[in-house]
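Worksheet: the structure to be examined is printed underneath.
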Amino acid sequence: MTTAETFLYLSPELTLLLVAALVFVLDLVWRRDPDRAHRWLPWVAMGGLAVALIITVALMARNPSAHIATMMVIDPMSLFFVAIAIVGAMLVILSALDYIPARTPYVSEFYALVVVAVLAIAIIVSANDLILIYLGMEFLSITSYILVGFLKRNRGSVEGALKYFLYGAAASAVMLYGMSFLYGATGATDLEAIARVFSGGLTGDLALMGFPAIALLMVGFGFKASLVPFHQWAPDAYEGAPTPVTAFLATASKAAGFAIIARVLLVGLPMFQEKEWVPILMGLSILTMTLGNLVAIQQRDMKRLLAYSSIAQAGYILIGLVAIGRDVAFGGLSGLLVYLFAYLFTNIGAFVVVIAVENATGATDLPAYAGLIRRSPLLASMLLLFLLSLAGIPPTGGFLGKFLVFGAAIRAHFLTLAIIAIINSVIAAFYYLNVVRYMFFVQPPDGGRKAIAVTPAIRVALWVCAAMTLLIGVCAQPFVTWAAHSASLLAAVW
Amino acid sequence: MIPLSWYLVVAAALFSIGVYGVLTRRNAVGVLMGVELMLNAVNLNLVAFWRYVTPTKMTGQVFAIIVITVAAAEAAVGLALVIAAYRTRRTVNVEELDTLKG
């Protein structure tokens, strides 16, 4: 590949890097005029992200399958996840416009760090080498620790960040231990070279490597995707973090975790599918959705409830990977992509409502939502839509995602898994509808006379999330085709 | 020459000590030290595998150097968080950091 082509394929990453640097530099230049910095820097970041999104979509149209020195692969699937991360970050910045300046004087750093986190995700999802995977994961983790602990005078924020950091550091060390064994067994760190060594026949020591290596790797990946039992950080970090950061962690960062699980297992370790990773992923999936849902029922804080709900959702999403059969349709992986795409808008939308209520009342517990329908019909009806989508009720995007993923499981003869997942969806509907009960039927303490004001930025973010949630559910075909197309090249490699 | 397995056993022992430290220490700095031990076990593994499996390619050594570098960056952010926690709470004991639960 020529240098020009390398630059072309790396242009989304380069753009993100330049935008982050630009925000940092402009913050210094406008140091004596903080009002101007606070007013313009979010829009600099938004504009830069929009440019990166346009480039990513343009690259998608070229349908590339480009290797950059065996380290990175730019293919439709990696671009799909880059697009998810960029859109997520744009919605997060929109929702943070009032939230962050009200709580800390360090505003510009926040926008720059969100862009840096997107860059980290862009590296992870196209990484094709254990070294770059580790670097990307650490890059995203370290950025996320700072973002979670961004309100450094707030007890919850710092505590959440410290717990996130301690779990994250330990999980990545365990993951590295697994990587060192993969390297030792194959003498390579490049995923395709690893696959070549293993496909030469699983004899003796090589066959023994599969299970421990995959189990150790899944600790690090599962931590990012917040799978049980590597989820303990999630409720605390989600509750303590500034709410826009929580929205980012629950969607874009989680999606990166799934992207890397899919790539490592499908490209690097396909021959360990039957005996090793399908059982591991199946166990993780059942544990994740069941525990996530059962604990979510008892939650009285909206952020914590959504944290456990997002853990449970990770369990459903994982079914898509379990269900990957050796069939042409490859329904599991494209179902997973559709699910993640719908989940991005649904979950960020729910968090935007939480942010709006928190801006107005300062509270995130369930009683703060009592009588929301009278105080703000817009917020209440939006949250109703997002909760219905999270519960998987048609005609929303959440329903389509669940339908495709559970359908793939049934087609691949994982009937038990599909049944457990459906039972879990029913349990989940209980606590989602409990929030609805608070919003519509519980009397607010002050009689509900105080209306909640919704700022234009939050309004735009809400409408975008709601429109996309409905659009994915109502006119599903283009999204399913797009996801199937994005998954197809990885399927071909496999 | 010392066989490869000896290095792997030492690394496994070091890793286990690190895990033990992470699980039992209540002081955040102590947990961080446990993590550093785990990372050093990984480095030992990587360098031993490099020497015995692919002595002509530098992959293992490069990987180890990258791990050391990233560990330093991670420790910098981690210790900053520990200091921030100490400033707001006057403790770095992870059991006393318990405002968030449920």
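Each chain gets a letter, A, B and so on, in the order its sequence line appears, and its residues count up from 1. All values below were derived from every heavy atom in this structure, side-chain atoms included, with hydrogens, water molecules and symmetry-related copies excluded.
- Side-chain contact between Tyr164(A) and Leu81(B) is absent, with no heavy-atom pair separated by less than 4.5 Å.
- With values rounded to the nearest 0.5 angstrom, Ser141(A) atom OG is found 7.0 Å from Glu74(B) atom CD.
- Closest approach of Val22(B) and Ala170(A) over heavy atoms only: CG1-CB, 4.1 Å.
- Within 6.0 Å of the CZ atom in Arg25(B), the count of heavy atoms belonging to other residues, nucleotides or ligands does not exceed 12.
- To the nearest 0.5 Å, atom CZ of residue Arg153(A) and atom OG1 of residue Thr88(B) are 10.0 Å apart.
- Counting heavy atoms of neighbouring residues, nucleotides and ligands inside a 6.0 Å radius, atom OH of Tyr52(B) exceeds 12 of them.
- Not a single donor-acceptor pair under 3.5 Å links the side chain of Lys152(A) to the backbone N or O of Ala85(B).
- The residue among Asp301(A), Asn154(A), Val174(A), Ile146(A) with the most heavy atom pairs within less than 4.5 Å of chain B is Val174(A).
- Neither the backbone nor the side chain of Val19(B) has a heavy atom closer than 4.5 Å to any heavy atom of chain A.
- Asp98(B) CG to Glu159(A) CD: the interatomic distance, rounded to the nearest 0.5 Å, is 6.5 Å.
- Within a 6.0 Å radius of CG in Leu23(B), more than 12 heavy atoms belonging to other residues, nucleotides or ligands are found.
- For Tyr134(A), the part lying near chain B is the side chain, with the backbone staying farther off; criterion is any non-hydrogen pair under 4.5 Å.
- Rounding to the nearest 0.5 angstrom, the gap separating the CG atom in Leu162(A) from the OH atom in Tyr86(B) is 14.5 Å.
- The parts of Phe181(A) that come within reach of chain B are both its backbone and its side chain, each placing non-hydrogen atoms under 4.5 angstrom from that chain.
- Heavy-atom pairs under 4.5 Å with chain B peak, among Val158(A), Ile131(A), Leu130(A), at Ile131(A).
- Within the 4.5 angstrom heavy-atom criterion, atoms from both the backbone and the side chain of Ala73(B) approach chain A.
- Side-chain contact check for Val82(B) versus Phe165(A): every heavy-atom pair is 4.5 Å or farther apart.
- The contact between Ala12(B) and chain A is made by backbone and side chain atoms together, counting heavy-atom distances below 4.5 Å.
- Using a 4.5 Å cut-off on side-chain heavy atoms (C-beta onward), Thr54(B) and Tyr183(A) make contact.
- Environment of CE in Met71(A): crowded, with over 12 heavy atoms of neighbouring residues, nucleotides or ligands closer than 6.0 Å.
- For Ser172(A), the part lying near chain B is the side chain, with the backbone staying farther off; criterion is any non-hydrogen pair under 4.5 Å.
- Here Phe15(B) contributes atom CZ and Ser180(A) contributes atom OG; the two are 8.5 Å apart, rounded to the nearest 0.5 Å.
- Annotation: the span from Ile66(B) atom CD1 to Glu138(A) atom CD amounts to 12.0 Å, rounded to 0.5 Å.
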